[in-house]
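Scroll down for the structure; my scribbles are underneath it.
What's counted below: heavy atoms across the whole structure, side chains too, no hydrogens, waters or symmetry copies.
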Amino acid sequence: MIDDQQGASNSEVRKFGILIAAIAGAAGAYLAWRGRNGYAVMWEIAGVFLVTGVLLPIVLRPVYRIWMRFAALLGWVNTRVLLTLFYLLILTPVGAAMRLFKKDVLGRQLNREAASYWVRRDPKAADKQSYEHLF
């Protein structure tokens with residue numbers, strides 16, 4: 001979490017440096033295991049992030065801020081994309097199928113002969129179990 005007045009705390013920047021170092025180190029190990037080039041660069045990046053994160057977090061603070069802004073932007077975009085896909089791929093076909101089969105789960109159909117649309121429910125007896133296990 002980024003503070004408005006003083007910026008990120010040293011412990012947050014340290015965690016960030018260690019995390020990026022671990023990810024870069026793992027990527028370097030994977031590249032070395034697969035016999036690919038670039039593993040040394042990944043290990044150097046891991047070393048730089050580890051040293052600066054643990055010993056000099058103030059040097060890593062601007063990178064942390066940029067990364068957090070990028071993460072916030074990515075979260076904003078992903079939310080819109082995922083909700084749009086959910087609406088288009090799940091809710092729209094379900095709604096179309098319900099209209100096609102004339103299913104009215106909310107009971108919205110008008111009935112001119114009905115005196116009321118009130119649905120009577122039998123009250124459940126309140127016991128200790130219902131208060132302890134609400135759902």
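The neighbour count for Glu132 CD, taken as heavy atoms of other residues, nucleotides or ligands under 6.0 Å away, is above 12. Within a 6.0 Å radius of CG in Asp104, other residues, nucleotides and ligands contribute more than 12 heavy atoms. Taking a 6.0 Å sphere around CD1 of Ile58, one finds it holds 12 or fewer heavy atoms contributed by other residues, nucleotides or ligands. Crowding of Arg80 atom CZ: a count of heavy atoms from other residues, nucleotides or ligands under 6.0 Å exceeding 12. Within 6.0 Å of the OH atom in Tyr131, the count of heavy atoms belonging to other residues, nucleotides or ligands does not exceed 12.
At least one side-chain heavy atom of Val54 sits under 4.5 Å from a side-chain heavy atom of Ile18. Annotation: side chain of Arg121 is in contact with side chain of Val119 (closest heavy-atom distance under 4.5 Å). Side-chain contact between Arg65 and Pro62 is absent, with no heavy atoms from C-beta onward closer than 4.5 Å. At a threshold of 4.5 Å between non-hydrogen side-chain atoms, the residues Val63 and Phe49 count as touching.
There is a path of hydrophobic side-chain contacts, each under 4.5 Å, that joins Leu106 to Val94. When the side chains of ILVMFWY residues are joined at heavy-atom separations under 4.5 Å, either directly or via intervening members, Leu50 and Leu56 end up in a single hydrophobic cluster.
Across all their heavy atoms, Pro57 and Val13 have their closest contact at O-CG1, 3.3 Å. Residue Gly53 comes nearest to Leu60 through the heavy atom pair CA-CD2, 3.8 Å, listed as atom of the first residue, atom of the second, then distance. Across Tyr39 and Gly28, no two heavy atoms sit closer than the pair CB-O, 3.2 Å. Smallest separation of non-hydrogen atoms from Tyr117 and Asn111: OH-N, 2.8 Å. Considering every non-hydrogen atom in both Asn37 and Leu31, the closest pair reads O-CD1, 4.1 Å.
Summarising the geometry, atom CE belonging to Met42 is positioned 14.5 Å from atom CZ belonging to Arg36; distances are rounded to the nearest 0.5 Å. Here the OG1 atom belonging to Thr52 is positioned 10.5 Å from the CD1 atom belonging to Ile20, to the nearest 0.5 angstrom. Between Thr79 atom OG1 and Leu74 atom CG the span is 9.0 Å, to the nearest 0.5 Å. The CG atom of Leu91 sits 11.5 Å away from atom CG of Leu85, with the distance rounded to the nearest 0.5 Å.
The ring pair (Phe, Tyr, Trp, His ring centres under 6.0 Å) contacts involving residues 68-108 comprise Trp67-Phe70, where partners must be two or more places apart or lie in separate chains.
When atom types are taken as modelled, the side chain of Tyr64 and the backbone of Arg14 share no donor-acceptor pair closer than 3.5 angstrom. A donor-acceptor pair under 3.5 Å is formed between the side chain of Arg61 and the backbone N or O of Ala8.
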